[in-house]
Amino acid sequence: MTTIDARTVLFVEDDEAFGDRMCRALRTRGFSVTHAATAAEALRAAVLDSPEIAVIDLRLPDGHGLDLVRQLHALDDTTRIIVLTGYGAIATAVESVKLGAADYLTKPIDARQLVAAFDPDEKKTAAPRNFAVLSLPRVEWEHIQRVLVDCGGNVSEAARALHMHRRSLQRKLLKYPANR
């Protein structure tokens, strides 16, 4: 039996199929959901009606999700912000929390796992995360992401800090993160 939960959710995701599927699943669980495909659209929706919960993808067509985290937190610091990404990295997870996100989740994810992140108390009863030993390519990816965040997203500056050619760094950044 599903309980009715009238809380408002702003779901920011540019992948239309995934966004529609998750929004439908949240609505069947009783949430009032607004779906935005861009950062600008999400910001307009939040200004009109500040959501209680915001789920934000990191990679958006018109900006970075971390910028949106900062803006939504500035609009209403009571909004519970959850970052959801297919490109998870420790550096962006840390930066998300510093900017005001309450949680950082990586795709693939189902609606049950997402709803568990909405409430800190429910998360305690969720299954523990599997913390496996990371592979060397994954550790390299995490290090590159941390340096890139430390350099404010400036690829040239990050390449200098990593002692590598800028084009080599750009090629590495275009690849998906290495599996564990």
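Hydrophobic clustering (side-chain heavy atoms under 4.5 Å, transitive across Ile, Leu, Val, Met, Phe, Trp, Tyr) keeps Val149 apart from Ile90. Follow the hydrophobic side-chain contacts under 4.5 Å out from Val97 and you never reach Leu72; the two are in separate clusters. Both Leu75 and Leu10 belong to a common hydrophobic cluster when Ile, Leu, Val, Met, Phe, Trp and Tyr are linked at side-chain heavy-atom distances under 4.5 angstrom.
For residues 52-64, the set of pairs meeting the side chain to side chain donor-acceptor pair (under 3.5 Å) definition, not counting sequence neighbours, is empty. Residue pairs satisfying the salt bridge (Lys or Arg N to Asp or Glu O under 4.0 Å) criterion with at least one member in residues 146-161, sequence neighbours excluded, are listed as follows: Arg146-Asp150. Contacts classified as salt bridge (Lys or Arg N to Asp or Glu O under 4.0 Å) and involving residues 11-21 (residues at least two apart or in different chains) are given here: Glu13-Lys107. Annotation: salt bridge (Lys or Arg N to Asp or Glu O under 4.0 Å) contacts involving residues 63-77, sequence neighbours excluded, comprise Asp67-Arg70.
The nearest pair of heavy atoms linking Gly19 to Phe11 is CA-CE2, 3.9 Å. Across all non-hydrogen atoms, the minimal contact from Thr38 to Pro61 is CG2-CG, 4.0 Å. Nearest heavy atom pair, residue Asp119 against residue Arg80, reads N-NE, 4.3 Å. In terms of heavy-atom proximity, Thr8 sits nearest to Ser50 at OG1-O, 4.1 Å. Heavy-atom minimum distance, Val33 versus Cys23: CG1-SG, 3.5 Å. Across every non-hydrogen atom of Leu105 and Ile109, the tightest pair is CD1-CD1, 3.5 Å.
Atom-to-atom distance recorded for Gln71:CD and Leu66:CG is 11.0 Å, nearest 0.5 angstrom. The NE2 atom of His165 sits 8.5 Å away from the CZ atom of Arg171 when rounded to the nearest 0.5 Å. We find the OG-CG distance between Ser168 and Leu173 to be 11.0 Å, quoted to the nearest 0.5 Å. Here the straight-line distance linking atom CZ of Arg27 with atom CZ of Arg24 works out to 9.0 Å at 0.5 Å rounding. Atom CG of residue Leu58 and atom CD of residue Glu95 lie 10.5 Å apart, to the nearest 0.5 angstrom. Note that the CE atom of Met22 and the NE2 atom of His35 stand 10.5 Å from one another [nearest 0.5 Å].
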Quiz item: Can Ile81 and His73 be said to form a side-chain contact (heavy atoms from CB on, under 4.5 Å), step by step?
Solution: CA-CA 8 Å; Ile81 301 173; His73 190 67; 4.2 Å; yes
Quiz prompt | Candidate pair Ile144 and Leu162, rule side-chain contact (heavy atoms from CB on, under 4.5 Å), full reasoning | solution = CA-CA 8 Å; Ile144 287 171; Leu162 291 166; 4.0 Å; yes
Quiz item: Can His143 and Glu140 be said to form a side-chain contact (heavy atoms from CB on, under 4.5 Å), step by step?
Solution: CA-CA 5 Å; His143 179 67; Glu140 178 190 38; 5.7 Å; no
Quiz item: Taking it one step at a time, do Val12 and Val55 satisfy side-chain contact (heavy atoms from CB on, under 4.5 Å)?
Solution: CA-CA 6 Å; Val12 187; Val55 180; over 6 Å; no
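A donor-acceptor pair under 3.5 Å links the side-chain atoms of Ser96 to the main chain of Thr92, judged by distance alone.
Using a 4.5 Å heavy-atom cutoff, the side chains of Leu68 and Leu60 are in contact. In this structure the side chain of Ile56 never reaches within 4.5 angstrom of the side chain of Leu84, judged on heavy atoms.
Under the side-chain hydrogen bond (donor to acceptor under 3.5 Å, both in side chains) criterion, Arg166 pairs with Gln170, not counting sequence neighbours. With sequence neighbours excluded, the residues that form a ring pair (Phe, Tyr, Trp, His ring centres under 6.0 Å) with Phe118 are Phe31.
Side chain to side chain, Thr85 and Tyr104 fail the donor-acceptor criterion of an N or O pair below 3.5 Å.
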